[in-house]
Amino acid sequence: MPEYPEVELLKQYCDSTCLHQEIESVELREKIILEEGTIKDFERGLVGRSFETTCRHGKYLFLKLDDEGWLVLHFGMTGDLQYFKGRDQEPDYVQLLIEFANGYHLGMIMPRKLGKVRQIADAGDYIRWKGLGPDVMAQDFDLQAFLNALEGRRGMIKSALMNQEIMAGVGNVYSDEILFQARVHPKAKVNDLDQVTLRRIFDCLKDILGTLVDVRLERDKLPRNYLLPVRGAGEQCPYCQGEVKNIKVSGRSAYYCSSCQKMPG
DNA sequence: CCTATAGCCTGACGGC
DNA sequence: TGCCGTCAGGCTATAG
């Protein structure tokens, strides 16, 4: 689930809960979610420190430690965070548990262990090392930056939007939403799209991702023309009553309106 | 540069 | 109810 909107909200959640508190203990329960190093070193590296600020790039959340260094969290397909008090309130599937001096805990919840955690020296270096493209919601990711990022691409537009090296933050679900509202077929080739269409995609991207954060992902607060509530095969398009279909695009499940999202040309 | 495939890991769901 | 296959919103590696 975690794409830009979810991770941005998790960042805000951290900002309002767990900053500036001394870390008393750390339990990393699954070796597989540690990107590098040993569990012992990871745990020791956090105890006695505190989180000072946070930042986000694409689907990655960075928590800055006092003194120096960062904790990076990547949520995979099922990651979430919960800040809670007593151990008796611990939710299921906590793989990383951080206990603060005030008695509260931050749990990283991950039923499928596809996420990653790691301590790093510098967030910028990490972003470069991962090869991440520009963050889609950064101020300077404007229309020109979007066009530059897609320059020379010949693959399918949905794949390009989801490619974290081209631009970081969009995943499978919201790439469908963006293309739905821009009325572009997910399999349309990037180099077949004209400037007007690319601009429409860019505008939809910014608008949709911003809106999802504004409404805090509450479905009933979304505008009525969203694909999200009817993102299932056989559902009805809120624009044209056409049929929502499911196809595979680069191995991923894509939903689109077979009537109003046409191939260009 | 791009696509397809398989794999990582495990819960939810539908069919029999 | 139980078993089994399939699918799921992440990413990576590999082969063509």
Side-chain angles (χ1 to χ4, degrees), chain A residues 1-11 28-36 56-62 72-81 91-96 108-118 126-133 135-136 148-180 185-193 205 208-209 211-213 216-219 222 226-235 244-256:
Chain A
M1 159 170 49
E3 303 182 35
Y4 159 79
E6 288 81 8
V7 181
E8 175 61 22
L9 288 168
L10 289 174
K11 169 186 152 50
L28 179 62
R29 295 169 176 166
E30 279 291 341
K31 163 86 173 138
I32 197 165
I33 69 169
L34 185 60
E35 189 172 38
E36 183 266 347
R56 180 198 53 72
H57 187 100
K59 304 172 187 175
Y60 291 79
L61 177 58
F62 300 87
V72 191
L73 302 180
H74 183 261
F75 298 94
M77 282 169 80
T78 59
D80 196 7
L81 293 175
D92 290 338
Y93 310 115
V94 169
Q95 314 296 359
L96 170 62
M108 185 179 189
I109 302 164
M110 220 150 46
R112 296 172 65 185
K113 301 159 185 168
L114 297 173
K116 288 280 184 277
V117 303
R118 178 177 185 174
Y126 184 81
I127 289 164
R128 280 184 288 279
W129 174 69
K130 279 280 172 186
L132 297 178
D135 180 83
V136 287
N148 289 346
L150 293 177
E151 182 70 39
R153 292 282 163 179
R154 290 171 292 117
M156 296 180 280
I157 182 64
K158 178 176 167 70
S159 309
L161 294 177
M162 288 171 50
N163 184 335
Q164 303 301 296
E165 298 187 9
I166 297 177
M167 63 190 84
V170 175
N172 198 33
V173 171
Y174 301 138
S175 63
D176 280 354
E177 188 68 52
I178 291 163
L179 294 174
F180 173 74
H185 195 289
K187 285 192 164 182
K189 295 277 198 291
V190 173
N191 54 318
D192 287 341
L193 299 172
L205 181 155
I208 289 164
L209 297 184
T211 298
L212 287 163
V213 171
R216 311 189 70 79
L217 297 170
E218 291 172 51
R219 296 264 177 127
L222 286 175
Y226 269 54
L227 172 68
L228 214 48
V230 293
R231 190 175 177 276
E235 298 276 1
V244 174
K245 288 191 176 167
N246 176 228
I247 56 174
K248 290 285 175 199
V249 178
S250 295
R252 310 305 306 281
S253 191
Y255 293 86
Y256 74 109

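Values below: every heavy atom of this structure, side chains too, minus hydrogens, waters and symmetry copies. Chain A is the first sequence line, chain B the second, and so forth, proteins listed ahead of strands; every chain is numbered from 1. In this text the structure is predicted, and so the values were computed from the model without any measurement.
When the side-chain nitrogen and oxygen atoms of K59(A) are compared with OP1 and OP2 of dG10(C), one or more of them lie within a distance under 4.0 Å. An OP1 or OP2 oxygen of dT12(C) is reached within less than 4.0 angstrom by a side-chain nitrogen or oxygen of K130(A). The phosphate of dA8(C) (OP1 or OP2) has a side-chain N or O of K248(A) nearer than 4.0 angstrom. Contact check, K113(A) against dT10(B): a side-chain N or O comes under 4.0 Å of OP1 or OP2. The phosphate of dG10(C) (OP1 or OP2) has no side-chain N or O of H74(A) nearer than 4.0 angstrom. The phosphate of dG10(C) has neither OP1 nor OP2 within less than 4.0 Å of any side-chain N or O from Y4(A). Within the structure, a side-chain polar atom (N or O) of S253(A) is placed less than 4.0 Å from OP1 or OP2 of dA8(C). Not one side-chain nitrogen or oxygen of R154(A) sits closer than 4.0 Å to the OP1 or OP2 atom of dT3(B).
Using a 4.0 Å heavy-atom distance criterion, Y93(A) is classed as a sugar-phosphate-only contact. When heavy atoms are screened at a 4.0 angstrom cut-off, M110(A) is found touching no nucleic acid atom at all.
Ranking dC9(B), dC2(B), dG9(C) by closeness to the I32(A) side chain, first place goes to dC9(B). Closest to the side chain of Y60(A), out of dG9(C), dA4(B), dC11(C), is dC11(C). Nearest nucleotide to the side chain of S250(A), out of dG11(B), dG9(C), dA4(B): dA4(B).
If you measure from atom CG of L150(A) to atom C1' of dC1(B), you get 14 Å, rounded to the nearest angstrom. Regarding Y126(A), its OH atom lies at a distance of 11 Å from the P atom of dC11(C), rounded to whole Å. For the pair E165(A) CD and dC11(C) C1', the computed distance is 11 Å after rounding to whole Å. Taking atom CZ of residue R112(A) and atom C1' of nucleotide dT6(C), one finds them 12 Å apart after rounding to whole Å. The CG atom of N246(A) sits 16 Å away from the P atom of dT6(C) (whole-angstrom rounding). Counting to the nearest Å, the P atom of dC11(C) and the CZ atom of R118(A) are 17 Å from each other. Atom CG of L10(A) is separated from atom C1' of dG9(C) by 14 Å (rounded to the nearest Å). For the pair M108(A) CE and dC9(B) C1', the interatomic distance rounds to 14 Å; values are reported in whole Å.
With a 3.5 Å ceiling on both atom-pair distances, dC9(B) lacks any Watson-Crick or G-U wobble partner. Of the nucleotides present, none pairs with dG9(C) by Watson-Crick or G-U wobble criteria with both distances under 3.5 Å.
Panel note: side chain E30(A), backbone Q95(A); no donor-acceptor pair is recorded below 3.5 Å.
Between I32(A) and K113(A), the closest heavy-atom pair is CG2-CB, 3.8 Å. The two residues I157(A) and H185(A) make their nearest non-hydrogen contact at CG2-O, 3.5 Å.
Residues S253(A) and N246(A) bring a donor and an acceptor atom of their side chains to less than 3.5 Å of each other. Y60(A) and Q164(A) share no donor-acceptor pair across their side chains, judged by distance under 3.5 Å alone.
Other residues, nucleotides and ligands place no more than 12 heavy atoms under 6.0 Å from the NZ atom of K245(A).
Going from the C1' atom of dC9(B) to that of dG2(C) covers 23 Å, rounded to whole Å. Between dG14(B) and dG9(C), the two P atoms lie 16 Å apart (nearest whole Å).
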